[in-house]
S.K.: 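First, the structure itself, so that you have it in front of you.
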Amino acid sequence: MLKMLKYEFRRGIFPLLIVGIVIAAIELYFLISTLTEHADHSVIAVSLLILAAFCCYLFVLIYGIISYSQDLKNKSGYLVFMAPISSYKVIGAKLLSILLTGAIIVAVIFGLLTLDLSLAYSTYDSIDTFYDFLSNILEMGGYSLGGVILRLLAFILVFLIQFFMTITLAYLAVSVCSTILQTKKIKGFISFVLFIVFYVILSVIASKIPHLSNPGPNATFMEAMYAMIPQIALYFVVMVASYIGSSVLLEKKISL
C-alpha cells in the first residue's frame, strides 16, 4: 500500500505544483501590498487567499474522482489495479493520498493566513478596531467569538466526513457504471448522472433526520457535535459502504 501511496503522490505532483505557484503569487502580492502599506490591496490579497482555499477544495475533490475514473479507462489503470495487493488497499491508498494532499494544502494556507494577519496586525492600526467591531457584532447577536470558533471546529469535522463520503460515493457511481457499461464511451456521463442521483437522495435523507438537540449560539464543541450525531452517522455509514462497494466491484466485477 505504501508503494501505491507513493505512486499516487508522484502522479499528482504537477497539479500540486501549479496550485503552489498560484498560492505563492497571491502571497507575494500580499507581502508587497502590506510592506508598501496599500491596505486595499492587502485586503484583496487575503480575500484571494481565502478564495484559493475554496478552489483547492474543489481541485482536490475533482482530481481525486477523475484520477480513479481515468485509471479505469486508461491502460495505466491495468498496472494499478492488477498490482499484487487487494482492491481495498488500492482505493485506500487513493483516499489516503487525497487526505494527505488536502492536509498539506490546508496547513500551508492556514499558516500563510496566520502569518499574514500577524503582519497586517503590526502594520495597520485599524486592525484592533476591526476585531473589536467583530466581537461587538457577535455579542449583539447573542454569540461569543469562542462559541463561534467551537461551532466552526464541529463544522470542519463534519465537513471532512462529508468530503470523503462524496469521493467514495463518486467512486461507487464510477464503479457501478464501469461494471454495467464496461467499455462504452458514454459511461463517464452516466457515472456523473448516477453520482448526482446518489448525492441528491442522500441529501434528502439527511435533511429529514432531526438533530438530537437544538444547541444555542454559545454551545460548546461537544454540544454542537452531539446535535449532529445522526447526520454524522449517516455520512460515515455511506462512506464506509461506498468504499466497500467500490472495492468489491473493482475486484470481482470490473473488467480492465
S.K.: Does one hydrophobic cluster hold both V22 and L49, with members joined at side-chain heavy-atom distances below 4.5 Å?
M.R.: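 Result: yes, single cluster for both.
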
S.K.: Distance from I244 atom CD1 to I91 atom CD1, nearest 0.5 Å?
M.R.: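 It is 11.0 Å, given to the nearest 0.5 Å.
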
S.K.: Tell me whether I109 is reachable from I104 by hopping between hydrophobic residues (I, L, V, M, F, W, Y) whose side-chain heavy atoms are closer than 4.5 Å.
M.R.: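 Looking at the clustering, I109 is in the same group as I104.
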
S.K.: Measuring from atom OG of S203 to atom CD of Q162, what distance do you get when rounded to the nearest 0.5 angstrom?
M.R.: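 Those atoms lie 7.0 Å apart.
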
S.K.: Any sub-3.5 Å donor-acceptor pair from S207's side-chain atoms to V204's backbone N or O?
M.R.: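 Checked: pair present.
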
S.K.: I need the L249 CG to S178 OG distance, nearest 0.5 Å.
M.R.: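 Spacing of CG (L249) from OG (S178) equals 9.0 Å.
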
S.K.: Can you give the donor-acceptor pairs under 3.5 Å from side chains of residues 228-243 to other protein atoms, not counting sequence neighbours?
M.R.:
from, atom 1, to, atom 2, distance (Å)
Q231, NE2, I209, O, 2.6
S242, OG, V238, O, 2.8
Y243, OH, Y88, O, 2.6

S.K.: Evaluate the side-chain proximity of V60 to F163: yes if any heavy-atom separation is below 4.5 Å, no if none is.
M.R.: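 Side chain of F163 against side chain of V60, heavy atoms only: contact under 4.5 Å found.
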
S.K.: Do L28 and L17 belong together in a cluster built from hydrophobic side chains that touch within less than 4.5 Å?
M.R.: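 No, it is not one cluster - the side chains of L28 and L17 are not joined through contacts under 4.5 Å.
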
S.K.: Measure the OG1-CD1 distance between T168 and I65 for me, rounded to the nearest 0.5 Å.
M.R.: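 Answer rounded to 0.5 Å: 9.5 Å.
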
S.K.: For L172 versus G245, what's the shortest heavy-atom pair and its separation?
M.R.: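 Shortest heavy-atom contact: CD1-C, 4.0 Å.
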
S.K.: If hydrophobic clusters are built by linking Ile, Leu, Val, Met, Phe, Trp and Tyr wherever their side-chain heavy atoms come under 4.5 Å apart, do L169 and V248 end up in the same one?
M.R.: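 Same cluster.
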
S.K.: Between atom CD1 of I167 and atom OG of S67, what is the distance when rounded to the nearest 0.5 Å?
M.R.: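 Nearest 0.5 Å value for the CD1-OG distance: 9.0 Å.
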
S.K.: Which donor-acceptor pairs under 3.5 Å do the side chains of residues 188-198 make with protein atoms, sequence neighbours left out?
M.R.:
from, atom 1, to, atom 2, distance (Å)
S191, OG, K187, O, 2.6

S.K.: Determine whether I98 and F164 make a side-chain contact, defined as any pair of heavy atoms from C-beta on separated by less than 4.5 Å.
M.R.: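 Yes. Closest side-chain heavy atoms under 4.5 Å.
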
S.K.: Side-chain contact, heavy-atom cut-off 4.5 Å: S33 with I44?
M.R.: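 When only atoms from C-beta onward are counted, I44 and S33 do not touch, as no gap falls below 4.5 Å.
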
S.K.: Got a second to check how far I32's CD1 is from E27's CD, nearest 0.5 Å?
M.R.: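 Nearest 0.5 Å value for the CD1-CD distance: 10.5 Å.
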
